[in-house]
Enquirer: 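Quick one: structure below, then a few questions.
Chain letters run A, B, ... following the sequence lines, proteins first, then strands; residues in each count from 1.
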Amino acid sequence: MSESMRLRFAPSPTGALHIGGARTALYNWLLARGSGGTLVLRLEDTDRERSTPENVEQIVEALGWLELDWDEGPVSQSERSDRHRAEIARLVEEGHAYEDEGAVRLRVPDAGSTTVRDEIRGEIAFEHAAITDFVIARSDGSPLYNLAVAVDDRDMGITHVVRGEDHLSNTPRQLMVLRALGDEPPPDYAHLPLLHGPDGKKLSKRHGAASVEELRDAGYLPEAVRNYLALLGWGYDAETTFFTTDELVERFSLDRVSRSPAVFDEQKLRWMNGRYLREMQPAELARRLEERHGRAGLRAAVEVSQEKLQTLADFWPTAGFVVERQPTDPRAWAKVMTGGAGDRLRLTRDALAALERFDVGGVESALRGVVDELGVKPKEVFQPLRVALTGGTVSPGIFESVVVLGREEALSRIDAALERVGGGAPS
RNA sequence: GGGGGCGUGGUCUAGUGGUUUAGGACGCCGGCCUUUCACGCCGGAGGACGCGGGUUCGAACCCCGCCGCCCCUACCA
């Protein structure tokens with residue numbers, strides 16, 4: 001790749017930025033950043049009916065969240081309509097196109113073929129006989145996709161067009177427009193394999209999180225999404241799975257991009273996201289969670305729960321009890337608060353109340369003391385306490401949970417549970 | 001219908017003629033760890049590389065046919 005690569009990411013603002021589009025944006029960005037080239041953001045909004053400002057805003061926001069920036073643009077094709085119309089007129093004048101019931105069609109030769117040189121798939125020939133004279137301008141004079149793309153790629157000096165495979169069949173048409181427009185060599189093309197849902201069909205909302213916005217809301221980290229998306233259709237070697245963004249920029253190349261479509265597997269993204277979450281500095285994780293929840297003071301809750309999170313959305317269910325009391329899960333209560341649970345909990349309360357050093361080590365020895373004293377299994381003591389403190393049977397480590405709540409709050413919650421179980425008044 | 005692309009365990013992939021009894025990862029199953037759930041660690045099941053021919057001493061890798069899936073075939077992009 002030359003160091004003067006000029007790439008473009010050209011989404012159509014007819015909807016949110018989908019995962020496939022995000023992957024295309026990522027690959028273009030990696031290529032631009034890795035080569036010291038330029039990335040242009042272009043909005044293909046020649047379909048004025050379906051293109052909306054809201055979608056443009058959403059796409060720009062999604063790119064921002066993914067931390068993918070661009071060097072030029074965003075430029076809207078609709079703003080370049082005059083330029084497109086001028087070229088359409090010139091093509092008609094020069095005989096490359098003609099009017100047909102008001103619309104304008106490009107002349108496609110009856111014989112011969114146009115060959116697409118694809119960086120990923122090699123040379124692909126398209127027989128002209130199978131391509132009709134296609135419309136490049138509507139009868140109202142407005143330019144159509146294949147014309148606008150060709151004119152813009154040419155005007156913008158795009159050297160590499162990297163886009164989804166769904167555009168592969170359009171490429172010979174754009175190549176023909178380009179040729180009619182002038183003699184300049186066309187850009188290099190690379191068509192990325194499409195992304196499918198678990199059912200093998202084109203990815204859509206019915207497959208769960210399908211847009212970048214939904215990924216963000218589901219609690220995924222942009223760096224994890226970048227890493228995962230990079231691996232959907234590209235691999236560096238036989239064993240490397242984790243890449244920092246710098247490593248991706250350095251190592252990504254089109255010649256290792258796969259040719260076959262990939263299925264977006266949210267389970268693997270969850271796993272990868274969990275790995276990123278666990279390796280993050282607690283302060284940073286707390287900052288992101290505080291931003292997400294619009295509240296401060298989450299650091300302590302983060303420290304006891306970080307190792308259990310797979311997404312940011314997992315935080316509240318697992319550590320919300322630290323911030324505020326949670327309703328008790330009836331099933332948890334019924335399962336744990338049986339037999340002599342009340343008595344064990346009362347003894348636990350006494351041990352915690354009498355504890356001098358209220359830290360993890362102190363709490364642990366106090367609780368294990370109760371276990372030894374009663375001669376029961378640890379969980380006979382820990383689970384009732386867990387339910388009293390958190391409302392459920394699943395939570396962060398019990399010693400840490402006790403300490404993070406503090407003695408006063410912990411005893412208060414235990415008392416409330418004792419009252420409910422009727423296991424006797426607090427001593 | 002026509003044109004084009006693709007086809008390695010459920011999923012993402014490594015592997016382009018022999019070092020492959022096809023490697024790694026997610027998921028799944030079992031075990032260990034253990035205060036719950038995770039994490040982590042260990043082990044396991046699951047692919048004869050879409051199918052059928054051919055070339056070759058030898059093919060997942062080359063050739064042909066077929067099948068399947070997807071894309072284009074719009075005055076959508």
Enquirer: Counting only heavy atoms not in A:Glu284 (residues, nucleotides, ligands), do more than 12 fall under 6.0 Å from its CD?
Expert: yes
Enquirer: Take atom CZ of A:Arg270 and atom C1' of B:rU11, then tell me their distance rounded to the nearest Å.
Expert: 16 Å
Enquirer: Pick out the pairs of N or O atoms, protein on one side and nucleotides 16-20 of chain B on the other, that lie under 3.5 Å.
Expert:
none

Enquirer: Would you kindly compare A:Pro193 and A:Pro378 by the position of their nearest RNA chain B nucleotide and give the one closer to the 5′ end?
Expert: A:Pro193
Enquirer: Is there a Watson-Crick or G-U wobble partner for B:rA22 with both distances under 3.5 Å, and which nucleotide is it?
Expert: none
Enquirer: Please report, rounded to the nearest Å, how far the C1' atom of B:rG5 is from the OH atom of A:Tyr189.
Expert: 17 Å
Enquirer: Report the base-pairing partner of B:rA14 (Watson-Crick or G-U wobble, both distances below 3.5 angstrom), or none.
Expert: none
Enquirer: Checking A:Ser258 now: which residues fulfil side chain to side chain contact (heavy atoms under 4.5 Å, CB included) with it, not counting sequence neighbours?
Expert: A:Ser260
Enquirer: For A:Arg278, look at atom CZ and say whether over 12 heavy atoms of other residues, nucleotides or ligands are found less than 6.0 Å away.
Expert: yes
Enquirer: Could you give the CZ-to-C1' distance, from A:Phe134 to B:rG3, as a whole number of Å?
Expert: 15 Å
Enquirer: Between A:Phe252 and A:Arg256, is there a cation-pi geometry (under 6.0 Å to ring centre, at most 45° from the normal)?
Expert: no
Enquirer: What verdict does the salt bridge (charged side-chain N to carboxylate O under 4.0 Å, His left out) test give for A:Glu72 and A:Arg6, after you've listed the backbone C-alpha separation in whole Å, the side-chain angles of each residue and the deciding distance to 0.1 Å?
Expert: CA-CA 10 Å; A:Glu72 294 177 18; A:Arg6 280 182 65 80; 3.0 Å; yes
Enquirer: With ring pair (Phe, Tyr, Trp, His ring centres under 6.0 Å) as the rule and sequence neighbours excluded, what pairs involving residues 128-158 of chain A come up?
Expert: A:Tyr145-A:His167
Enquirer: If you measure from the C1' atom in B:rG17 to the same atom in B:rG54, how many Å do you get, rounded?
Expert: 16 Å
Enquirer: Grab the CZ-C1' distance between A:Phe243 and B:rA14 for me, whole Å please.
Expert: 12 Å
Enquirer: For A:Met280 and B:rC39, give me the distance from atom CE to atom P, rounded to whole Å.
Expert: 18 Å
Enquirer: When the P atoms of B:rC61 and B:rU16 are considered, how many whole Å apart are they?
Expert: 13 Å
Enquirer: Considering only the P atoms, how many Å lie between B:rG9 and B:rA48, rounded to the nearest integer?
Expert: 8 Å
Enquirer: When you measure from every atom of RNA chain B, which of residues 388-399 of chain A have a heavy atom less than 4.0 Å away?
Expert: A:Thr393, A:Val394, A:Ser395, A:Pro396, A:Gly397, A:Ile398, A:Phe399
Enquirer: Taking atom P in both B:rC64 and B:rG4, compute the distance separating them and give it to the nearest angstrom.
Expert: 14 Å
Enquirer: With the side chain of A:Ile124 defined as its heavy atoms from C-beta on, choose the nearest nucleotide among B:rG5, B:rC12, B:rA14.
Expert: B:rG5
Enquirer: Scan for ring pair (Phe, Tyr, Trp, His ring centres under 6.0 Å) pairs involving residues 72-120 of chain A, sequence neighbours excluded, and state none if there are none.
Expert: none
Enquirer: Which letters describe nucleotides 67-77 of chain B, given B = protein heavy atom under 4.0 Å from base, S = only from sugar-phosphate, - = neither?
Expert: ---SBSS-BBB
Enquirer: How far, in whole Å, is B:rC69 from B:rA77 if one measures between their P atoms?
Expert: 29 Å
Enquirer: So which nucleotide from B:rG4, B:rU36, B:rU11 ends up closest to the side chain of A:Lys308?
Expert: B:rU36
Enquirer: Does A:Arg368 make a side-chain donor-acceptor contact with the base of B:rU35, cut-off 3.5 Å?
Expert: no
Enquirer: Base contacts versus sugar-phosphate-only contacts with protein, heavy atoms under 4.0 Å: please encode nucleotides 24-30 of chain B as B, S and - from 5' to 3'.
Expert: SBSS---
Enquirer: If a pair satisfies ring pair (Phe, Tyr, Trp, His ring centres under 6.0 Å) and one of its residues is in residues 331-389 of chain A, list it, with sequence neighbours excluded.
Expert: A:Phe382-A:Phe399
Enquirer: Using purine N1 to pyrimidine N3 plus N6-O4 or O6-N4 for Watson-Crick, or N1-O2 and O6-N3 for G-U wobble, each under 3.5 Å, what pairs with B:rC62?
Expert: B:rG54
Enquirer: Which nucleotide, in any strand shown, forms a Watson-Crick or G-U wobble pair with B:rG40, with both distances under 3.5 Å?
Expert: B:rC32
Enquirer: Walk me through it: do A:Met337 and A:Arg420 pass the test side chain to side chain contact (heavy atoms under 4.5 Å, CB included)?
Expert: CA-CA 10 Å; A:Met337 294 301 189; A:Arg420 178 170 170 181; over 6 Å; no
Enquirer: Between A:Ser78 and A:Asp45, is there a side-chain donor-acceptor contact under 3.5 Å, judged purely by atom types and distance?
Expert: yes
Enquirer: Take atom C1' in B:rC49 and the same atom in B:rU21, then report the distance between them in whole Å.
Expert: 15 Å
Enquirer: May I have the distance from A:Arg278 (atom CZ) to B:rC37 (atom C1'), rounded to whole angstrom?
Expert: 13 Å
Enquirer: Could you check whether A:Arg386 and A:Ser395, counting side-chain N and O atoms only, form a donor-acceptor pair closer than 3.5 Å?
Expert: yes
Enquirer: Suppose the criterion is side chain to side chain donor-acceptor pair (under 3.5 Å): which pairs have a residue in residues 221-230 of chain A, not counting sequence neighbours?
Expert: A:Glu67-A:Arg226, A:Glu223-A:Arg288, A:Arg226-A:Thr245, A:Asn227-A:Tyr276
Enquirer: Considering only atom C1', compute the distance from B:rA45 to B:rC6 and round it to an integer number of Å.
Expert: 29 Å
Enquirer: Measure from CG on A:Leu229 to P on B:rU13 and round the result to the nearest Å.
Expert: 12 Å
Enquirer: Excluding sequence neighbours, so at least two apart, what forms side chain to side chain contact (heavy atoms under 4.5 Å, CB included) with A:Asp237?
Expert: A:Glu239, A:Thr240
Enquirer: In whole Å, what is the span from the CD atom of A:Glu400 to the C1' atom of B:rA38?
Expert: 13 Å
Enquirer: Could you say whether A:Ala129 or A:Ser260 is positioned toward the 5' end of RNA chain B, judged by the nucleotide with the nearest heavy atom to each?
Expert: A:Ala129
Enquirer: Any strand is fair game: report the nucleotide pairing with B:rC69 by Watson-Crick or G-U wobble, both distances under 3.5 Å, or none.
Expert: B:rG5
Enquirer: Report the residues that fulfil side chain to side chain contact (heavy atoms under 4.5 Å, CB included) with A:Thr393, sequence neighbours left out, ordered by chain and then residue number.
Expert: A:Ala332, A:Val336, A:Gln383, A:Val387
Enquirer: Under the rule for side chain to side chain contact (heavy atoms under 4.5 Å, CB included), what residues qualify as partners of A:Thr46, not counting sequence neighbours?
Expert: A:Gln77, A:Ala148
Enquirer: Can you tell me, in whole Å, how much space there is between the P of B:rC37 and that of B:rG24?
Expert: 29 Å
Enquirer: Has the side chain of A:Arg107 got a donor or acceptor atom that lies under 3.5 Å from a matching backbone atom of A:Gly95?
Expert: yes
